[in-house]
Amino acid sequence: MSDMRRLLLIDGHSMAFRAFYALPVDNFATSTGQHTNAVHGFTSMLLKLIAEEKPTHVAVAFDVGSETFRTREYSDYKGTRDKAPEEFASQIPLIKEVLDALRIRHLEAPDFEADDIVATLKTSAEDSGFDDVLICSGDRDTLQLVTDTTTVLYPTKGVSVLKRFTPGAVEEKYGVPPARYPELAALVGETSDNLPGVPGVGPKTAAKWIGQYDGLDNVIARADEIGGKAGQSFRDNLENVLRNRKLNHLLADMDLGVGFDELIVEPVDREAVHTVFDALEFNTLRDRVFATLDADASASASDKPDLSFDIASWSDDGDLAAFLQTHAEDENAQRIALAISEGATDVDRFALATRSHALVLNLSALPEGEDAVLSAFLSGPAPKIAHDAKQLWHRLRALGYELDSVVFDTDIAAYLIHPDQRRHSLIDLAQRYLDRDVAASDAESGQLAFELDSDAAIDTLAQQALAIAELEVQLTGELEDRALSHLMTKLELPVQRILQDMESTGIAVSATVFNELFDELDADVKQAAADAYAAIGEEINLSSPKQLQRVLFEDLQMPKTKRTKTGWTTDAEALSDLFDKTGHPFLAALLAHRDRIKLRQIVETLRSATADDGRIHTTFQQTVAATGRLSSTDPNLQNIPARSEAGLRIREAFVVGEGFETLMTVDYSQIEMRIMAHLSGDAGLIEAFRKGEDLHNFVGARVFDVAIDEVTPQMRSRVKAMSYGLAYGLSSFGLSRQLGIEVGEAKSLMDEYFDRFGRVRDYLRTVVEQARRTGFTETMFGRRRYLPDLTSDNRQRREMAERAALNAPIQGSAADIIKVAMISIDDALTQTGLASRMLLQVHDELVLEIAPGELEQVEALVREHMAGAAKLNVPLDVSVGVGESWRAAGH
DNA sequence: TTGGTCACGTA
DNA sequence: CGTACGTGACCAAG
């Protein structure tokens, strides 16, 4: 249509490097073990840029070797950089192969950096009348190249989110125009290049001076006029500045011997693309290449460049009823994927999608009729899918909608498949399973709500909903392959519903108790601090391990404790040891201070986490713990102190809420040991549990060969430590250290144990062996944990994986069992029409709030469903406590 | 402002 | 040289 020319220049090295760290190295490798994460990330970014920016010309510049004219000028240039890991270096040649196949020119010049090539091409492109130059680089030095026609795209998150630096954006961010950016950088320095600047001068000061004196040259000329510490520092470090300025200037007049005709975007070399992508085992990415860069497809693909689906409609103007009728109500109705915009904007957008069609609504301006239709749909029986439905449920609830009938959650599915990944963002999943980028294209540019709610943002939301719909198909397949589908439908989704209610209900707390406790602890902290200062005659920061080490090991010359990465430990155990040895009063005061300040901190956190309704609403994380447990955040209510007196007083502040009669705690006693008895089938352990004997006395009697009533407290505590340690892969060394006995003694203790309870040893061995063979462990309910490190050459990693393999089936089965119990308790409460409710789950314990008059009934119900949650060959003992506060209801 | 380290609370 | 978590302080990077 026109002869407009737009040049895209990419700093290949810096973008590949960003990609390497943005994508998990483990997930991208060929069957032969070649790492490909950087190649994948780079290629994906490149295709996206070409599809979105539609350049007419493209070039990629690379560094060559490590020696350049800059390193000769200043031998320490980039001297602090670690050598790139081998996994990265081997990918650079592969990226060049990809570029060759795509017929994209890549350039390098000995003695120069990629930046210089970029600068040179940019300058001559502007001279020869290009309309536009785009520079994509992760090196801030390129900002000096920004002009009205040259924009730098700088990665802010991975390689998929790029910030557009126009002259205005540079000025806004750094306070200087682009041409003066290197002057600012010279003053500030660049640590990643090992170029120190002027200590005490940051971007703000630098920008101020440059503006005030009109450029760095004048700042230097009038250095004597600059007052203050910063001024003196500047005069002292003038050499640094001059050197930095010299080094960060990009050369723009290299002789590259390449004409712009050679940079024109051309149809790819199809044959070569197949060869290269076969070798890299990139399949979906290959389709994107052909969609983006292939001449044959380009005519039809021009309006939907890189997407395999068609956004048939997305609009605000009320096609909801029609959309639902078409997609959700006919006889082969699809499940509808739902997504909601980030909470940051004034406008709440909501997307509904099938795998091929999406509709985006503006919830903030929905016509009344539409609103009713949406409301009925969301709360009705039509099957829905989402990514993190619990979060969506909370958002919708705040907007006045009820969400029901969620039949699939892509976040949970991804968690069941990869329980070791701590995050399963939709963006990552779409990238991995659909090879598609559904990230907001430029999150940073959206300073204004207006921009955040731009067409691009709406499009992103539509694409996310479409991705969720497509992911369901892929993830369902994966779940079925791994026999995990029942965990999703029978366990995790019902638990998710319950967690929603628990989170929104919260637990009542007493502000008075918190306030009194805080004041008391605060006084203790101050007293302990004063005692500590008096004991050493100076006021140090008692919370700084570094300063403590100085005092303890240098000034006071105390014996060295266990090593940490950076010095010697000052943990409570070591400090007590030192106190026993030296009796120094500082240590006692320090320990007291540690204890009190920690408790004070907990109280403060809880106090400020209390909502207006006088209750604390934690968030239960259902997709982070690798074993299948829940975790709790904001605040964490699963680690409230339960041992010390002061800790227990914190539990006194958790109280029964208005309109309810009392709190109840229910917990499984020794559930992990019972699971071990069940899984191992050890007759001795099973007998202990069936007889209802005190487990540790029973085991102690066997191990020490005495009658049960002759087991001394010392014997009991030793076998107790051992029993628990076994489920964690405890070694004789660890046991000896914990019990303070010789390794030999610990060893013979373990031998005695295994002689009496031999099936336990067999079981533990089998678990690891089988996991090594299959690659994963399994709980009683089939929840898997993959442990590739079991075959690692690295002993430490291998042994760590072995311990995880021992523990995962036990901890995980316990997690499964209490989840089952929660579901059947919730069910029973609903069925019976009781108003009592679950508030918290703490791994083997539930906290409930009992409605007036329901105590007996609920207790019976809870006991029944907890004990009946799993059929083991030993009984599942449950103990119940009741009281006004969590402490009183505790055991 | 971020990320790593240390320390410490729970099951 | 015992598993699984989350939080907060400090401190050196950014």
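Just so it is clear: chains get the letters A, B, ... in the order the sequence lines come, proteins before strands, and each one is counted from 1.
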Worksheet item: Rounded to the nearest Å, what distance is computed from the CD atom of residue A:E672 to the P atom of nucleotide C:dC5?
Response: 13 Å

Item to complete: Mind checking A:Q601 for me? I need base, sugar-phosphate or nothing, with any heavy atom below 4.0 Å counting as a touch.
Response: sugar-phosphate

Practice prompt. For the residue pair A:Y415 and A:R423, confirm or rule out a side-chain donor-acceptor distance under 3.5 Å.
Written response: no

Worksheet item: What does A:G734 touch in the nucleic acid at a heavy-atom separation under 4.0 angstrom: a base, only the sugar-phosphate, or nothing?
Response: sugar-phosphate

Discussion item. Whole angstroms only, please: what is the CD-P distance between A:Q621 and C:dA4?
Written reply: 18 Å

Item to complete: For A:L726, report the nucleic acid contact type (base, sugar-phosphate, nothing); a contact means any heavy atom under 4.0 Å.
Response: nothing

Discussion item. I want to check one thing: is the phosphate of C:dC11, taken as OP1 and OP2, less than 4.0 Å away from some side-chain N or O of A:S544?
Written reply: yes

Item to complete: Would you indicate, yes or no, if C:dA4 has its OP1 or OP2 atom less than 4.0 angstrom from a side-chain nitrogen or oxygen of A:R785?
Response: yes

Worksheet item: Counting only side-chain N and O atoms of A:R594, is one of them less than 4.0 Å from OP1 or OP2 of B:dA7?
Response: no

Discussion item. Please classify the nucleic acid contact of A:A815 as base, sugar-phosphate, or nothing, using heavy-atom distances under 4.0 Å.
Written reply: nothing

Discussion item. Counting only side-chain nitrogens and oxygens, does A:K546 get under 4.0 Å of the OP1 or OP2 atom of C:dA12?
Written reply: yes

Practice prompt. Please report, rounded to the nearest Å, how far the P atom of B:dA7 is from the CG atom of A:L548.
Written response: 9 Å

Worksheet item: Mind checking whether A:F17 and A:Y21 have parallel, tilted or perpendicular rings, split at 30° and 60°?
Response: perpendicular

Discussion item. Given the ring of A:Y154, does A:R18 sit roughly above its face, with NZ or CZ under 6.0 Å from the centre of the six-membered ring and within 45° of the axis?
Written reply: yes

Practice prompt. Identify whether any heavy atom of A:Q547 sits under 4.0 Å from a base atom; if not, whether one sits that close to sugar-phosphate; answer base, sugar-phosphate or nothing.
Written response: sugar-phosphate

Practice prompt. Measure from the side-chain heavy atoms of A:A642 and tell me the nearest of C:dG2, B:dC6, B:dT10.
Written response: B:dT10

Discussion item. Does C:dG8 have OP1 or OP2 under 4.0 Å away from a side-chain N or O of A:R600?
Written reply: no

Worksheet item: When you compare B:dT5 with C:dC1, how far apart are their P atoms, in angstrom units rounded to a whole number?
Response: 15 Å

Discussion item. Under the salt bridge (charged side-chain N to carboxylate O under 4.0 Å, His left out) definition, can you give me all pairs with a residue in residues 642-654 of chain A, not counting sequence neighbours?
Written reply: A:E520-A:R649, A:E645-A:R887, A:E652-A:R887

Worksheet item: Does OP1 or OP2 of C:dG8 have a side-chain N or O of A:S543 closer than 4.0 Å?
Response: no

Item to complete: Select one nucleotide: of C:dT3, B:dT10, B:dT5, the one nearest the side-chain heavy atoms of A:R803.
Response: C:dT3

Item to complete: Tell me, please, which residues at least two apart from A:E742 pass salt bridge (charged side-chain N to carboxylate O under 4.0 Å, His left out).
Response: none

Fill in: Distance in angstrom units between A:L599 CG and B:dT10 P, rounded
9 Å

Fill in: Nearest-neighbour nucleotide for the A:T566 side chain, C:dA4, B:dC6, B:dT10 considered
B:dC6

Discussion item. Considering every strand and a 4.0 Å limit on heavy-atom distances, what is the contact class for A:A808: base, sugar-phosphate, or nothing?
Written reply: nothing

Item to complete: Between B:dC6, C:dC5, C:dG2, spot the one nearest the side chain of A:T564, thanks.
Response: B:dC6

Worksheet item: Which part of the nucleic acid does A:R422 contact within heavy-atom distance under 4.0 Å: base, sugar-phosphate only, or nothing?
Response: sugar-phosphate

Discussion item. Tell me which residues in residues 628-639 of chain A lie within less than 4.0 Å of DNA chain B, going by non-hydrogen atoms.
Written reply: A:R629, A:Q638, A:N639

Item to complete: Could you tell me whether A:E769 and A:R772 have a side-chain N and a carboxylate O separated by less than 4.0 Å?
Response: no

Practice prompt. Kindly determine whether A:L575 and A:T561 satisfy side-chain contact (heavy atoms from CB on, under 4.5 Å), including the steps that lead there.
Written response: CA-CA 9 Å; A:L575 293 179; A:T561 53; over 6 Å; no

Fill in: Spacing between A:K562 atom NZ and B:dC6 atom P, to the nearest angstrom
11 Å

Worksheet item: Taking the six-membered ring of A:F165, is NZ or CZ of A:K163 closer than 6.0 Å to its centre and within 45° of its axis?
Response: yes

Response to the item:
Regarding the side chain of A:A626, the nearest nucleotide among B:dG9, C:dC5, C:dG2 is C:dC5

Response to the item:
Taking C:dC11, B:dG9, C:dG2 as options, the one with an atom nearest any side-chain atom of A:D595 is B:dG9

Worksheet item: So, is A:T627 close to the C:dC5 phosphate, meaning a side-chain N or O under 4.0 Å from OP1 or OP2?
Response: no

Worksheet entry | Whole-Å distance separating the CZ atom of A:R797 from the P atom of C:dC1 | 15 Å

Discussion item. Looking at A:F518, I'd like to know if the NZ or CZ of A:R607 sits under 6.0 Å from its six-membered ring centre while staying within 45 degrees of the ring's axis.
Written reply: yes

Worksheet entry | Presence of A:T569 side-chain N/O under 4.0 Å of B:dC6 phosphate oxygens OP1/OP2 | no

Discussion item. Please classify the nucleic acid contact of A:K598 as base, sugar-phosphate, or nothing, using heavy-atom distances under 4.0 Å.
Written reply: base

